[in-house]
Amino acid sequence: MAPIPTDLTPELFEYVVAHSGQLDEVAESLIADTQALGGAAGLQISPDEGAFLTLLTKLLGVRDALEIGTFTGFSALCIARGLAPGGHLICCDVSDEWTTIARKHWAAAGLSDQIELRLGPGVETLRAMPAEPSYDLVFLDADKPGYPDYWEEIVPRVRPGGVILVDNVFYHGSAVDPSANDAGTLGIRALNERARTDERVEATMLTISDGILLARKR
């Protein structure tokens, strides 16, 4: 049996966050405004995941990025801050209310010119985009039942050597819970299996936050 990773206790998670880059005033304000939403705040990615997105974007020299599922904009903020000079991020979401919070903080960070927001159903937005492989990085964090459909629209639009990141692939443990058969869990399982067998990519899972699928386009 392979070694089991260290359990991430609350204390260890705080240690991880403290050693995963510092949040500036804009990021802290965005997180605070998101927390004020109440239960919906759980849709926001964790600070350590945000630091990972920024660093990976920088490491890859990303110029053209795409995000499906923006919520209040923290993940987009993190990706945009890692873009190469002249880089551009397209964000797709359905909520004008939540993305109003995002736009406010993108402007405060001086990133409004680098981020383009497109409102509407994610799959429809993707299908309206050119099908050519042009994106260096795609981050998927939208409605879980739609994950398999998003995957099929995303992969052709990523350039060879480009990266796809899919959030919540553990789905809070439901991915391996035999009793969980809700639409979100089924979507996650289908996506995970599709990525595992998709010959167009090479993929692995990272135990960051609620699980991230990291795939590289062949």
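Worth knowing before you read on, the calculation uses all heavy atoms, side chains too, and leaves out hydrogens, waters and symmetry mates.
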Nearest-0.5 Å distance that lies between atom [atom1] in [X] and atom [atom2] in [Y]:
X: Thr185; Y: Asp177; atom1: OG1; atom2: CG; value: 7.5 Å
X: Leu30; Y: Gln44; atom1: CG; atom2: CD; value: 6.0 Å
X: Thr72; Y: Lys104; atom1: OG1; atom2: NZ; value: 11.0 Å
X: Cys92; Y: Phe139; atom1: SG; atom2: CZ; value: 13.0 Å

Query raised in the report: In this structure, are over 12 heavy atoms from other groups packed under 6.0 Å from Asp113 atom CG?
Result: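 Not buried by this count: 12 neighbours or fewer within 6.0 Å.
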Return all side-chain donor-acceptor pairs below 3.5 angstrom for residues 46-54, not counting sequence neighbours, or 'none' if the list is empty.
unit_1, atom_1, unit_2, atom_2, d
Ser46, OG, Asp48, OD1, 2.5
Ser46, OG, Ser209, OG, 3.4
Thr54, OG1, Gly50, O, 3.3
Thr54, OG1, Cys78, O, 2.7

**Report entry** Side-chain donor/acceptor of Trp106 to backbone N/O of Gly73, under 3.5 Å
**Finding:**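 Between the backbone of Gly73 and the side chain of Trp106 there is a qualifying donor-acceptor contact (under 3.5 Å).
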Requested in this report: Each residue besides Val16 in its hydrophobic cluster should be listed here, by chain and number; the cluster joins Ile, Leu, Val, Met, Phe, Trp and Tyr at side-chain heavy-atom distances under 4.5 Å.
Outcome: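 Leu8, Leu12, Phe13, Tyr15, Val17, listed by chain and number.
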Query raised in the report: Considering residues at least two apart in sequence or located in another chain, which fulfil the salt bridge (charged side-chain N to carboxylate O under 4.0 Å, His left out) criterion with Arg63?
Result: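 Once residues adjacent in sequence are excluded, Arg63 has no partner under the salt bridge (charged side-chain N to carboxylate O under 4.0 Å, His left out) criterion.
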**Report entry** Residue pair Leu77 / Leu111, side-chain heavy-atom distance below 4.5 Å
**Finding:**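 Yes, their side chains come closer than 4.5 Å.
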Query - With Asp136, the salt bridge (Lys or Arg N to Asp or Glu O under 4.0 Å) member among Arg216, Lys58, Arg159, Lys217 - result: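 Of all the options given, the one that passes is Arg159.
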Query - Audit row: Arg127, Glu124, salt bridge (Lys or Arg N to Asp or Glu O under 4.0 Å) steps and yes/no - result: CA-CA 5 Å; Arg127 288 173 179 166; Glu124 293 179 15; over 6 Å; no
